[in-house]
Amino acid sequence: MSDLEALKKEAALRAVALVESGMRVGLGTGSTAKYAIEELGRKLSSGELSGIVGVATSEASDALARQVGIPVEPLDPRPLDIAIDGADEIAPNLDLIKGLGGALLREKLTEVQARRFVVIADHTKLVERIGEKSALPIEIARFGFLSTIERLREVLPAGRLRQNGAQPYVTDNGNYIFDAQIPAGQDSDALERTLKGTLGVVDTGLFLGMAERAFVAAPDGVTELT
Ligand code: 5RP
């Protein structure tokens, strides 16, 4: 395991330590969330935890959860006790960019319902301002996507339709993703409002004011941000 993978796992284990028997748990998506799902499965099979139910934020996490023995249920209106997920950027106030893994819509739908949304990451995800390193993934409807992209370019001129080889990348929900650069100085709340009001946009990878805490692993240890 590389040093970075070891850090991701360390952060994931800190978050899973917050899970108690009987909890309904939002299962994130990506290479860091994978360690959390595997650890939950390990704790269930060893008897350290019981009665856990997972709600998966992607088809991939659903499959992994079932593989490691976590019972999975669809999202319903009941609150989740906790959701654990990675992020692409973490600002000092815990605003996030998510969705480089393509699961932003199911992640947002799930994590907004969690009493506690806990982020896990290695230190490379820390930024001073949202959009500093990562593009912002924006999930858009396939129908009329070129028109939607034209509307989006009026707000965020630099961006491109995500590709999967020669074809557009398709999300678990059958939509496309437009990855856009956020200009410096852009207000995240105003941007989110504008994007959500843009016809054809399904949702964005801006997760503002949602995270309760983050475990961020660096070579000198794990920092808990709140
Ligand atoms: C998927 C996500 C992931 O949480 C995000 O991309 C981080 O992934 P990783 O842990 O692999 O760096 O938002 O949609």
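Ligands are counted one by one from 1 in listed order, and the atoms in each one are counted from 1 as well. Numbers for residues simply follow the sequence, beginning at 1. Reckoned from all heavy atoms, side chains included, excluding hydrogens, waters and symmetry mates.
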Subject >> side-chain contact (heavy atoms from CB on, under 4.5 Å) between Val16 and Val25, intermediate numbers included >> reply: CA-CA 10 Å; Val16 172; Val25 185; over 6 Å; no
Original post:
Taking C-beta and beyond as the side chain, do Glu48 and Arg42 meet within less than 4.5 Å on heavy atoms?
Top reply: yes
Original post:
Would you say Ala87 touches ligand 1, if touching means a heavy atom closer than 4.0 Å?
Top reply: yes
Original post:
Should one rank Gly28, Ser31, Gly86 by closest heavy-atom distance to atom 9 (P) of ligand 1, which comes out on top?
Top reply: Ser31
**OP:** Start with the C-alpha gap between Asp189 and Arg193, add the side-chain angles, then the distance that decides, and say whether side-chain contact (heavy atoms from CB on, under 4.5 Å) holds.
**Re:** CA-CA 6 Å; Asp189 291 291; Arg193 278 195 302 276; 3.9 Å; yes
Original post:
Which residue supplies the protein heavy atom nearest to atom 7 (C) of ligand 1, what is that atom called, and how far is it?
Top reply: Asp88 OD1, 3.4 Å
Subject >> Atom indices of ligand 1 within 4.0 angstrom of Gly30 heavy atoms, with elements >> reply: 11 (O)
Original post:
Does an N or O from Gly99, backbone or side chain, lie closer than 3.5 Å to an N or O of ligand 1?
Top reply: yes
Original post:
Under 4.0 Å from any heavy atom of Gly101, which atoms of ligand 1 are there?
Top reply: 1 (C), 6 (O), 14 (O)
**OP:** May I ask you to list the atoms of ligand 1 that are less than 4.0 angstrom from any heavy atom of Asp85?
**Re:** 4 (O)
Original post:
Any Lys/Arg nitrogen of Glu59 or Arg106 sitting under 4.0 Å from an Asp/Glu carboxylate oxygen of the other?
Top reply: yes
**OP:** Take Glu89 and Ser134 through the side chain to side chain donor-acceptor pair (under 3.5 Å) test and state the conclusion after the steps.
**Re:** CA-CA 7 Å; Glu89 282 192 353; Ser134 172; 4.7 Å; no
Subject >> Close-contact set for ligand 1 against Leu100 heavy atoms, below 4.0 Å >> reply: 6 (O)
List the atom pairs, donor and acceptor, that lie under 3.5 Å between side-chain atoms in residues 211-219 and the rest of the protein, sequence neighbours left out.
residue : atom : partner : partner atom : Å
Glu212  : OE1  : Arg116  : NE           : 3.3
Glu212  : OE1  : Arg116  : NH2          : 3.1
Glu212  : OE2  : Arg116  : NE           : 3.0
Arg213  : NH1  : Glu224  : OE2          : 2.3

**OP:** For atom 1 (C) of ligand 1, grab the closest protein heavy atom and report residue, atom and distance to one decimal in Å.
**Re:** Glu107 OE2, 3.1 Å
**OP:** Look at atom 3 (C) of ligand 1 and say which protein heavy atom is nearest, naming residue and atom and giving the distance to 0.1 Å.
**Re:** Thr29 O, 3.2 Å
**OP:** Return yes or no for this condition: an N or O of Lys125 is under 3.5 Å from an N or O of ligand 1.
**Re:** yes
Original post:
Taking the side chain as C-beta and beyond, is there a heavy-atom pair between Asp76 and Arg24 under 4.5 Å?
Top reply: yes
Original post:
Salt bridge or not for Glu73 and Arg78, using N-O below 4.0 Å?
Top reply: yes
Original post:
Which of parallel (below 30°), tilted (30 to 60°) and perpendicular (above 60°) describes Tyr176 and Phe145?
Top reply: perpendicular
**OP:** Enumerate the atoms of ligand 1 whose separation from the nearest heavy atom of Ala103 is less than 4.0 angstrom.
**Re:** 14 (O)
Original post:
So which protein heavy atom does atom 10 (O) of ligand 1 come closest to, and at what separation?
Top reply: Thr32 OG1, 2.5 Å
